[in-house]
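Notes follow once the structure below has been shown.
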Amino acid sequence: TITSSGIQGNTSGEAGGGIYHFGDLFYLDRSLVADNSSGSGGGTFLYDWSGNVTGDALVINHSKILNNTAEFAGGGVRAPDAHMKVTDSTIDGNIAGSDGGGFSLPYTRLIIKRSTVSNNIAVGKDGGGPLAPGGGGISIFGTLDAENCTFSGNSTGGNGGGIQGEEAWVWLRSSTLTANTSNQSGGGVFLTSAYSTPGEAQGQIAGTLISGNSASVGSEVYFDLNVTVTSNWDNLFGRESSAGLVGLTPVAGDTIPSIPVTEIVAATLSDNGGPTPTHSLPPASPAIDKRPNAGCSDPGLAIDQRGLP
């Protein structure tokens with residue numbers, strides 16, 4: 001357990017510039033991990049060998065992981081073979097040479113709630129690991145369950161400016177993805193079933209704003225042909241009458257605005273209340289009250305990222 005601490009300015013030639021954990025349980029609470037560097041896991045390298053499947057073997061809560069650097073994977077966090085939970089935290093300004101500017105998560109399940117993943121960079125060079133170069137915010141081979149989160153300003157020379165998933169199940173609920181950039185495919189989200197096995201990669205997007213991202217193909221979302229879309233409703237995709245979607249078809253209840261992104265969501269992150277920075281909505285944004293009350297019946301969705309109803 002690490003609580004109310006600052007871990008800054010450290011260097012490792014191999015893994016875990018700030019923190020290296022090889023064990024069963026890990027808890028980081030109300031702490032700062034900043035300006036560290038290593039070969040992998042610039043801020044933290046976390047490995048859980050316990051076989052814990054509850055989702056809380058590795059926990060990051062009310063913490064900030066900022067401006068760390070990895071030569072290869074996981075600028076902020078590298079966590080292979082793990083069950084991990086992140087709440088009320090900010091992962092910002094981290095850089096990875098290969099994959100996962102914010103998080104690199106091979107064979108991992110991440111539950112992330114009320115958190116902001118922003119301004120991270122995955123340069124996109126080949127790191128030789130199980131994950132392809134890419135994933136400015138998150139690169140995952142496993143399961144990502146994101147609820148009431150913001151992915152903003154992340155970038156990569158590979159696929160997936162905000163999120164890159166390979167053989168992954170990616171669930172996004174009541175979240176915002178904006179201003180993320182990929183030099184290849186999937187400015188906001190990239191999801192692929194690399195081994196051409198239908199069902200190995202699944203996507204679920206509900207009550208989520210994905211607008212103002214950019215990529216060569218699929219400016220907002222790119223799902224390859226073998227990705228199974230398990231559900232998709234009450235979302236806002238794209239701007240200026242362009243959904244920016246490849247492999248994902250809008251359904252009844254989804255909105256594709258005809259207006260520019262500046263009228264949909266504020267351009268910059270700011271303190272709008274709560275523990276993490278968020279994007280405010282302009283007064284006439286079509287995202288305001290987009291999701292009906294019935295869509296917020298899940299207890300976890302009764303409040304937004306700021307903790308407000």
Side-chain angles (χ1 to χ4, degrees), residues 73-75 95-106 117-144 146 151-172 175-205 208-230 232 235-250 254 256 261:
I95 301 174
S98 177
D99 70 88
F103 293 88
S104 175
L105 305 171
V117 180
S118 54
N119 303 313
N120 303 288
I121 300 171
V123 176
K125 66 181 182 182
D126 188 359
L131 291 168
I138 294 178
S139 184
I140 187 165
F141 188 115
T143 301
L144 171 64
F151 298 85
S152 170
N154 304 289
S155 62
T156 182
N159 294 312
I163 298 166
Q164 173 185 245
E166 294 184 59
E167 304 297 311
W169 291 20
V170 174
W171 303 328
L172 303 174
S175 294
T176 296
L177 291 87
T178 188
N180 302 289
T181 303
S182 164
N183 285 355
Q184 297 184 28
S185 299
V189 183
F190 174 88
L191 184 55
T192 182
S193 182
Y195 301 114
S196 301
T197 304
E200 289 296 316
Q202 298 189 12
Q204 179 190 91
I205 306 175
T208 289
L209 184 156
I210 307 180
S211 177
N213 303 287
S214 61
S216 297
V217 181
S219 59
E220 308 295 353
V221 175
Y222 182 98
F223 288 175
D224 80 9
L225 293 175
N226 292 301
V227 172
T228 301
V229 181
T230 58
N232 164 37
N235 301 297
L236 186 152
F237 293 123
R239 72 279 197 189
E240 297 176 358
S241 301
S242 174
L245 307 177
V246 173
L248 178 65
T249 302
D254 290 339
I256 303 170
V261 66

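For the single chain, residues carry numbers from 1 onward in sequence order.
How far CD of Gln164 is from CD1 of Ile138: 11.5 Å, rounded to the nearest 0.5 Å. For the atom pair Thr192 OG1 and Leu225 CG, the distance stands at 9.0 Å (nearest 0.5 Å). Interatomic distance, CG of Leu191 versus CH2 of Trp169, reported as 12.0 Å (0.5 Å rounding). Remark: Ile205 CD1 to Leu172 CG distance equals 5.5 Å, nearest 0.5 Å. Between the CG atom in Leu236 and the CG atom in Asp254 there is a gap of 8.5 Å [rounded to 0.5 Å]. With values rounded to the nearest 0.5 angstrom, Leu144 atom CG is found 8.0 Å from Leu105 atom CG.
For Ser214, the side-chain hydrogen bond (donor to acceptor under 3.5 Å, both in side chains) test picks out Thr181, with sequence neighbours left out. Not counting sequence neighbours, the partners of Ala215 by the side chain to side chain contact (heavy atoms under 4.5 Å, CB included) test are Ser182. Looking at residues two or more places apart in sequence or on another chain, you find no ring pair (Phe, Tyr, Trp, His ring centres under 6.0 Å) involving Phe223. Residues forming a side-chain hydrogen bond (donor to acceptor under 3.5 Å, both in side chains) with Gln204 (at least two apart in sequence, or on another chain): Ser231. For the ring pair (Phe, Tyr, Trp, His ring centres under 6.0 Å) test, residues two or more places apart in sequence or in another chain that qualify with Phe190 are Tyr222. Here Ser219 pairs with nothing under the side-chain hydrogen bond (donor to acceptor under 3.5 Å, both in side chains) rule; sequence neighbours left out. In this view, Ser152 and His279 satisfy the side-chain hydrogen bond (donor to acceptor under 3.5 Å, both in side chains) rule, not counting sequence neighbours. Annotation: side chain to side chain contact (heavy atoms under 4.5 Å, CB included) contacts of Leu245 (sequence neighbours excluded): Glu220, Val221, Phe237, Ala243, Leu248, Pro250.
Of all the heavy atoms in Val229 and Gly247, the pair that sits closest is CG2-O, 4.2 Å. Ala146 and Ser175 get closest at one heavy-atom pair: O-OG, 3.9 Å. What you find for Gly188 and Asn213 is that their closest heavy atoms are N-CB, 3.6 Å. When all heavy atoms are compared, the tightest approach of Gly212 to Val261 is CA-CG2, 3.7 Å. Scanning both residues, Gly100 and Ala96, for their nearest heavy atoms gives O-CB, 3.5 Å.
Identified under the salt bridge (charged side-chain N to carboxylate O under 4.0 Å, His left out) test for residues 176-193, with sequence neighbours left out: none.
A distance-only check finds a donor-acceptor pair linking the side chain of Thr178 to the backbone of Ser211 [under 3.5 Å].
Of the N and O atoms on the side chains of Thr228 and Gln202, not one donor lies less than 3.5 Å from an acceptor on the other residue.
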Show me the donor-acceptor pairs within less than 3.5 Å that the side chains of residues 154-163 make with the rest of the protein, sequence neighbours left out.
unit_1	atom_1	unit_2	atom_2	d
Asn154	OD1	Asn119	N	3.3
Asn154	OD1	Asn120	N	3.0
Asn154	OD1	Asn120	ND2	3.0
Asn154	ND2	Val117	O	2.9
Asn154	ND2	Asn180	OD1	3.0
Thr156	OG1	Ala122	O	2.9
Thr156	OG1	Gly158	N	2.9
Asn159	OD1	Ser185	N	3.0

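You'll find the side chain of Val189 stays beyond 4.5 Å of the side chain of Phe151, heavy atoms only. Using a 4.5 Å cut-off on side-chain heavy atoms (C-beta onward), Asn235 and Ile210 make no contact.
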